[in-house]
Amino acid sequence: MTWIWSNLDLIWDRTLDHLLLSVPPIILSFLIAVPLGWLAHRYRVGRGLILTVVGLLYAIPSLPLFIVLPFIVGTTVRSPLNLIIALTLYGVALMVRVVADGLASVDRDVRQSARAVGFSSRAEFWQVELPLAGPVLLAGMRVVVVSTVSLATIGAVIGAQSLGSLFTDGFQRGIQAEIVAGIVATVALALLLDGTLVLLGRVLMPWTRSSRRKATGVSAPLQARTLPTGVAA
């Protein structure tokens, strides 16, 4: 405990480094996975190919990927950008199937109702399909958050400063308190980002908190839009 109290500044700096390595891949993986997941959902012919290719990304061991990426993107092995790209690929691998399955879970009758009241294909996606698939996407993003925060610690092996640096330094110098501090801080950061994501989901999808709407199966996005009398939502 003495080491922890004496090195709070170091733990805070490594936490900020870890945050800067984790947040960009989480955001980028969502932005990339949504169009890919939509393609997999919309075009059945390419669904198998898309899901297989992105799924294979997660099977690539992290350390070899860190070494190969610099030759592809022109970075150095120790570059934080190298780590961010690798973590983004892993996030995309997790999220594409979630997006495809989430969009597929939207009730067919809801889609038909949207078209019946004049939604264009673009409006149907943004105002009906994506909001209704939101809870599924949120669940997938929570997995990506935890996975990304955990994988970011591996960056310490290639020299990228993060909470993983506390592990490697603690092992090299035999300081157990430093190792424990790294583990606890990593778990705390994952919980903090996960809680932030859940809170953001409640703000952006307030209808998910309504048990009455869940029970009746009425979709808030469509309900929020005035429908002509006699058109079932």
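The figures here come from the full heavy-atom set of this structure, side chains too, leaving out hydrogens, waters and symmetry mates.
- Across Gly164 and Ala156, no two heavy atoms sit closer than the pair C-CB, 3.3 Å.
- Applying the side-chain contact (heavy atoms from CB on, under 4.5 Å) test to Leu197 and every residue at least two apart in sequence or in another chain returns Leu138, Met141, Arg142, Val145.
- With rounding to the nearest 0.5 angstrom, the CD atom of Gln112 is 9.5 Å from the CD atom of Glu124.
- The CD1 atom of Ile183 lies 10.0 Å from the CG atom of Leu166; values are rounded to the nearest 0.5 Å.
- Among residues two or more places apart in sequence or in another chain, the salt bridge (Lys or Arg N to Asp or Glu O under 4.0 Å) test is passed with Arg97 by none.
- Both Leu151 and Leu19 belong to a common hydrophobic cluster when Ile, Leu, Val, Met, Phe, Trp and Tyr are linked at side-chain heavy-atom distances under 4.5 angstrom.
- For Thr168, there are no side chain to side chain donor-acceptor pair (under 3.5 Å) partners two or more places apart in sequence or in a different chain.
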Next on the checklist: Could you walk me through whether Trp5 and Leu8 satisfy the side-chain contact (heavy atoms from CB on, under 4.5 Å) test, starting with their C-alpha distance in whole Å, then the side-chain angles of each, then the deciding distance to 0.1 Å, before giving a yes or no?
Outcome noted: CA-CA 6 Å; Trp5 290 116; Leu8 286 178; 3.6 Å; yes
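- Residues satisfying the side chain to side chain donor-acceptor pair (under 3.5 Å) test with Asn7, not counting sequence neighbours, are none.
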Next on the checklist: Determine whether Phe125 and Leu103 satisfy the following criterion, side-chain contact (heavy atoms from CB on, under 4.5 Å), listing intermediate values before the conclusion.
Outcome noted: CA-CA 9 Å; Phe125 172 76; Leu103 294 175; 4.0 Å; yes
Checklist entry - Can you check side-chain contact (heavy atoms from CB on, under 4.5 Å) on Val106 and Arg111, steps first, answer last? => result CA-CA 8 Å; Val106 177; Arg111 290 196 183 94; 3.6 Å; yes
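- Residues forming a salt bridge (Lys or Arg N to Asp or Glu O under 4.0 Å) with Asp107 (at least two apart in sequence, or on another chain): none.
- Within a 6.0 Å radius of CD in Gln176, other residues, nucleotides and ligands contribute 12 heavy atoms or fewer.
- The shortest heavy-atom contact between Gly140 and Met95 is C-SD, 3.5 Å.
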Checklist entry - Are Phe119 and Trp126 close enough, and set up right, to give a side-chain contact (heavy atoms from CB on, under 4.5 Å), and what steps lead you there? => result CA-CA 10 Å; Phe119 279 78; Trp126 288 108; over 6 Å; no
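- Annotation for Pro61 and Pro64: closest pair O-CD, 3.3 Å, computed over non-hydrogen atoms.
- Contact between Pro25 and Thr88 at its shortest, heavy atoms only, is CA-OG1, 3.4 Å.
- Nearest heavy-atom pair, Ile50 versus Leu36, reported as atom, atom and distance to 0.1 Å: CG2-O, 4.1 Å.
- Using a 4.5 Å cut-off on side-chain heavy atoms (C-beta onward), Val99 and Phe30 make no contact.
- Grouping Ile, Leu, Val, Met, Phe, Trp and Tyr by side-chain contacts under 4.5 Å, direct or through others, puts Val53 with Leu49.
- Screening residues 15-36 for side-chain hydrogen bond (donor to acceptor under 3.5 Å, both in side chains), with sequence neighbours left out, gives Arg14-Asp17.
- Every pair passing side-chain hydrogen bond (donor to acceptor under 3.5 Å, both in side chains) that includes a residue from residues 56-76 is listed here, sequence neighbours excluded: Tyr58-Ser147.
- With rounding to the nearest 0.5 angstrom, the OG atom of Ser79 is 10.0 Å from the CG atom of Leu69.
- In this structure, Glu129 and His41 have side chains that are in contact, with non-hydrogen atoms separated by less than 4.5 Å.
- Expressed to the nearest 0.5 Å, how far CZ of Phe167 lies from OG1 of Thr153 amounts to 5.5 Å.
- Taking CD1 of Ile84 as the start and CG of Leu20 as the end, the distance is 8.0 Å to the nearest 0.5 Å.
- Shown here are the side chain to side chain donor-acceptor pair (under 3.5 Å) partners of Arg202, two or more places apart in sequence or in another chain: there are none.
- Evaluation of the salt bridge (Lys or Arg N to Asp or Glu O under 4.0 Å) rule for Arg173 yields Asp169, Glu178 as partners, not counting sequence neighbours.
- There is no path of hydrophobic side-chain contacts, each under 4.5 Å, that joins Ile67 to Leu81.
- Under a hydrophobic-cluster definition in which Ile, Leu, Val, Met, Phe, Trp and Tyr are linked whenever side-chain heavy atoms come within less than 4.5 Å, directly or via other members, Ile4 and Val187 are assigned to different clusters.
- The heavy-atom pair separating Leu83 from Ala160 by the smallest distance is CD2-CB, 4.1 Å.
- Hydrophobic clustering (ILVMFWY, side-chain heavy atoms < 4.5 Å, transitive): Val143 and Leu89 are in one cluster.
- With side-chain heavy atoms closer than 4.5 Å counting as contact, directly or through intermediates, the hydrophobic cluster containing Val180 also holds Val184.
- Within the structure, salt bridge (Lys or Arg N to Asp or Glu O under 4.0 Å) pairs that include any residue of residues 56-65 do not occur (at least two apart or interchain).
- For the atom pair Tyr90 OH and Leu65 CG, the distance stands at 4.5 Å (nearest 0.5 Å).
- There is no path of hydrophobic side-chain contacts, each under 4.5 Å, that joins Ile11 to Ile179.
- Salt-bridge formation is detected for the pair Arg47/Asp101: a Lys NZ or Arg NE/NH1/NH2 atom is positioned less than 4.0 Å from an Asp or Glu carboxylate oxygen.
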